[in-house]
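Please read these numbers as outputs of a predicted model, since none were measured by experiment. A note on names: the letters A, B, ... follow the listed sequences, proteins ahead of strands, and every chain is numbered from 1.
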Number of protein chains: 2
Amino acid sequence: MREDRLVSPTLEDVARAAGVSRATVSRVINGIRNVDPEIQETVRQAVAAVGYVPNRAARSLVTGKTGSIALVVSGAGHFFARVFTDPFFGRVVSGISGHLRPLGVHLVLMLAEAADARAQVIDYLRQGHVDGAILVSTHAEDPLPAQLVESGPPVVLFARPAQPLRISYVDVAHSAGARLAADHLIARGCERVATISGPLDVPASLERLSGFREAMARHGHAYIPSVEGNFTQESGEQAMERLLADHPGIDGLFAGNDLMAQGALLVAQSHGLRVPHDLAVVGFDDSSAALACRPPLTTVRHPVEDMSAEMSRLLLAHIEDPDRRVTSVIFEPDLVIRQSA
Amino acid sequence: MREDRLVSPTLEDVARAAGVSRATVSRVINGIRNVDPEIQETVRQAVAAVGYVPNRAARSLVTGKTGSIALVVSGAGHFFARVFTDPFFGRVVSGISGHLRPLGVHLVLMLAEAADARAQVIDYLRQGHVDGAILVSTHAEDPLPAQLVESGPPVVLFARPAQPLRISYVDVAHSAGARLAADHLIARGCERVATISGPLDVPASLERLSGFREAMARHGHAYIPSVEGNFTQESGEQAMERLLADHPGIDGLFAGNDLMAQGALLVAQSHGLRVPHDLAVVGFDDSSAALACRPPLTTVRHPVEDMSAEMSRLLLAHIEDPDRRVTSVIFEPDLVIRQSA
DNA sequence: GTACGGAGGGAGAGCGCTCTCCAATCCCGA
DNA sequence: TCGGGATTGGAGAGCGCTCTCCCTCCGTAC
């Protein structure tokens, strides 16, 4: 009993206990080729009896596979605050592991905020610790995607990369989402609508902004004032101050994400505006901020879980066939109507 | 070049390129024993030339070490909401990886919410994928700590386990923190103080409650009304409704964590109470909720980063010496004074 | 009775690495 | 000049597993 702890049993031990060869035990465990059902049973009992657990290192040494994939969350600056504040990541993890767990594939979460962490992640991936990686990058200039494409296992991206890259990715139709927001504000009767965009070097921000402008133009609104934020609540507050100063009469607002919407909402209220009565606010993402707001935010929601599951599907396909051509899958967002608009 | 991708170079290749033996290359890479500096240089150049990356599987097969440890976040129910909403986990990760990175040890994050996920985590740990684990459990009845102690690699816990267990852990002096809160409320001149506690099957909640009561008793307050919550904002709201109904005149509140404090604060405000003028509120944890509140929360802050670093230190010591006796390290909390009290 | 085929099991060669021996070399003092 | 210790490099045995051969055995057809 005491020795079981120190030296865990090997295939050899199981084989001896079952009175068969190592190869047969291996076959039973991996379910390959025909093995007499009776012997299978004997082996299984022996496995249980000696408390055998396959040694992953030995296995992957010969197979070249590890049976686990990494979820790499990369970004700069306000990184931890982002990951651990934004339930978006929770939905990503949930979607991925929901798809992976039944397949017996392990998910390893890696965080790469600073440059040295990034180097470590690359090391980790190159050393063959995982068979592939799903990369969620929160920053436009993040060099990680490019570095990974160059050397390393198969990678799938969340969201279209800022620079064109030979890499599969999954994204949402941002402009369609923005259009939902625009149509809703118009339907509510808003006349003077403004927008707070995300950083314009991020493709998603750009698409949301241009999609919103386009949809508004279709409704006859040629000019939509906009201020650029950086996806934080604080930047939303500052942007709203600017908007209220420059365009005092606005009665509708579309923010590039919920956090900025929340900031804007707080500022609007501190200026005595009632939401949604005086100002209708629509966010994007359906993050926890949307629910934390008073009133709760009307917002555009991506099917993050579905998107994440699709990412794992794509990644597994790439692992299976390294020469598979890269693809992109785009999902349609929904509008979640709450009280802010 | 093309083949480098498919079959990555091995030690043998480096050895051939450098004109030395495999053993020598290994020695250079691992920095063991004396190797002629000139040869070292030659080997290093060969490594760079062929683009060699050590195969971790092969290495850990022989060494029995993997060079990575797991951070297992376990809990039931509102799990994802917790991890990805509570910046507390961000601070934990930050503290751990800050300590581990310079040592070249990889951190693998694992989430174990449901029972099947838990089984998978145990598998993962037993298969020797990591050398040890740091376990953060958010639930009192979580069976994972006990299961891991029984079979698996060294484990260190965040917070004292609900059931006594032969396992090292790191915790904060909860009662001392509660006392800081009590003293502060008294110093502000509060006369009728109440508290909202966390679930009482969690040791931390219990200690905070009894510590608070004890400190208040020391100030002559024999009776402190309290309502039990479950650490969620919603439970804080419900608890506050109860408190206001049963004890209309309270002017000071200590909540078992910030989320409940936030809920309580919102309810108090909706009842027309001004914070801190009519009601002073003190939270616990210094989570993001503390800052998101209006007014921002005065709260008790643990040195989470230091605690996390200490956990990694303990874990590495246990890995180094499996027979090391278990220890607990208790940290002192601070009071962060903001506007709510 | 012989030939043949398929199913079931074993033997053994590695996967890429570390690490223990052991051999070669060198420097020193006697 | 030679012996002995220190230093440095190489040979080779595994770590635990998978997987390709190959052998045996049995049933079937001729």
Side-chain angles (χ1 to χ4, degrees), chain A residues 3-4 6-44 46-47 50-68 104 123 126-129 131 153, chain B residues 3-4 6-44 46-47 50-68 104 123 126-129 131 153:
Chain A
E3 290 156 33
D4 290 1
L6 297 175
V7 182
S8 59
T10 73
L11 258 197
E12 197 71 55
D13 300 324
V14 179
R16 209 176 307 120
V20 296
S21 79
R22 208 172 58 242
T24 303
V25 180
S26 175
R27 280 196 274 264
V28 171
I29 287 172
N30 296 297
I32 307 177
R33 269 190 38 181
N34 282 334
V35 176
D36 190 299
E38 209 166 305
I39 295 190
Q40 282 193 35
E41 191 46 38
T42 314
V43 169
R44 255 184 272 279
V47 165
V50 304
Y52 173 74
V53 179
N55 179 320
R56 206 88 180 208
R59 178 178 288 178
S60 59
L61 178 57
V62 36
T63 58
K65 293 258 168 288
T66 66
S68 43
D123 265 13
R126 293 200 61 203
Q127 281 175 352
H129 239 131
D131 298 333
Chain B
E3 292 156 33
D4 290 0
L6 297 174
V7 181
S8 58
T10 73
L11 260 195
E12 197 72 56
D13 299 325
V14 179
R16 208 176 308 121
V20 297
S21 79
R22 209 171 57 242
T24 303
V25 179
S26 175
R27 281 196 274 265
V28 171
I29 288 172
N30 297 296
I32 308 178
R33 271 189 33 180
N34 280 335
V35 175
D36 190 299
E38 209 166 304
I39 295 192
Q40 281 193 35
E41 191 45 39
T42 315
V43 169
R44 254 185 272 282
V47 166
V50 304
Y52 173 73
V53 178
N55 178 321
R56 205 88 180 209
R59 177 178 289 178
S60 57
L61 178 58
V62 36
T63 59
K65 295 257 166 289
T66 66
S68 43
D123 265 15
R126 292 201 62 203
Q127 282 174 353
H129 240 129
D131 299 333

Could you state the [atom1]-[atom2] distance from [X] to [N], rounded to the nearest angstrom?
{"X": "A:N30", "N": "D:dT20", "atom1": "CG", "atom2": "C1'", "answer": "15 Å"}
{"X": "A:N34", "N": "C:dG6", "atom1": "CG", "atom2": "P", "answer": "13 Å"}
{"X": "B:D36", "N": "D:dT7", "atom1": "CG", "atom2": "C1'", "answer": "10 Å"}
{"X": "A:R22", "N": "C:dG14", "atom1": "CZ", "atom2": "C1'", "answer": "11 Å"}
{"X": "B:H129", "N": "D:dC17", "atom1": "NE2", "atom2": "C1'", "answer": "14 Å"}
{"X": "B:I39", "N": "D:dT7", "atom1": "CD1", "atom2": "P", "answer": "16 Å"}

Could you report the tightest heavy-atom contact between [X] and [Y], atom names first, then the distance?
{"X": "A:G51", "Y": "B:R126", "value": "O-NH2, 3.8 Å"}
{"X": "A:L61", "Y": "B:A57", "value": "N-CB, 4.0 Å"}
{"X": "A:T10", "Y": "A:Y52", "value": "C-CE1, 3.5 Å"}
{"X": "B:H129", "Y": "A:T66", "value": "CE1-O, 4.2 Å"}

Taking DNA chain C as the partner, which of residues 52-68 of chain B come within under 4.0 angstrom of it by heavy atom?
B:Y52, B:P54, B:N55, B:A58, B:R59, B:L61, B:V62, B:T63
Phosphate oxygens OP1/OP2 of C:dG9: is one of them under 4.0 Å from a side-chain N or O of A:T24?
no
Determine: side-chain N/O of B:S26 to OP1/OP2 of C:dT18, distance under 4.0 Å, yes or no.
yes
Contact check, residues 13-21 of chain A vs DNA chain D, heavy-atom distance under 4.0 Å, returns none
Residue whose nearest DNA chain D nucleotide is more 5′ - A:R27 or A:L11:
A:L11
Does A:N30 form a side chain to side chain contact (heavy atoms under 4.5 Å, CB included) with A:R59? I'd like the steps, not just the answer.
CA-CA 11 Å; A:N30 296 297; A:R59 178 178 288 178; 3.7 Å; yes
Candidates C:dG9, C:dC17, D:dG9 - which lies nearest the side chain of B:T10:
C:dC17
Is A:L11 close to A:I29 at the side-chain level, that is, under 4.5 Å between some pair of heavy atoms?
yes
A:T42 and A:V20, any side-chain heavy atoms less than 4.5 Å apart:
no
A:V35 and A:T24: CA distance, side-chain angles, deciding distance, side chain to side chain contact (heavy atoms under 4.5 Å, CB included) verdict:
CA-CA 8 Å; A:V35 176; A:T24 303; 4.2 Å; yes
Are the side chain of A:S26 and the backbone N or O of A:R22 linked by a donor-acceptor pair below 3.5 Å?
no
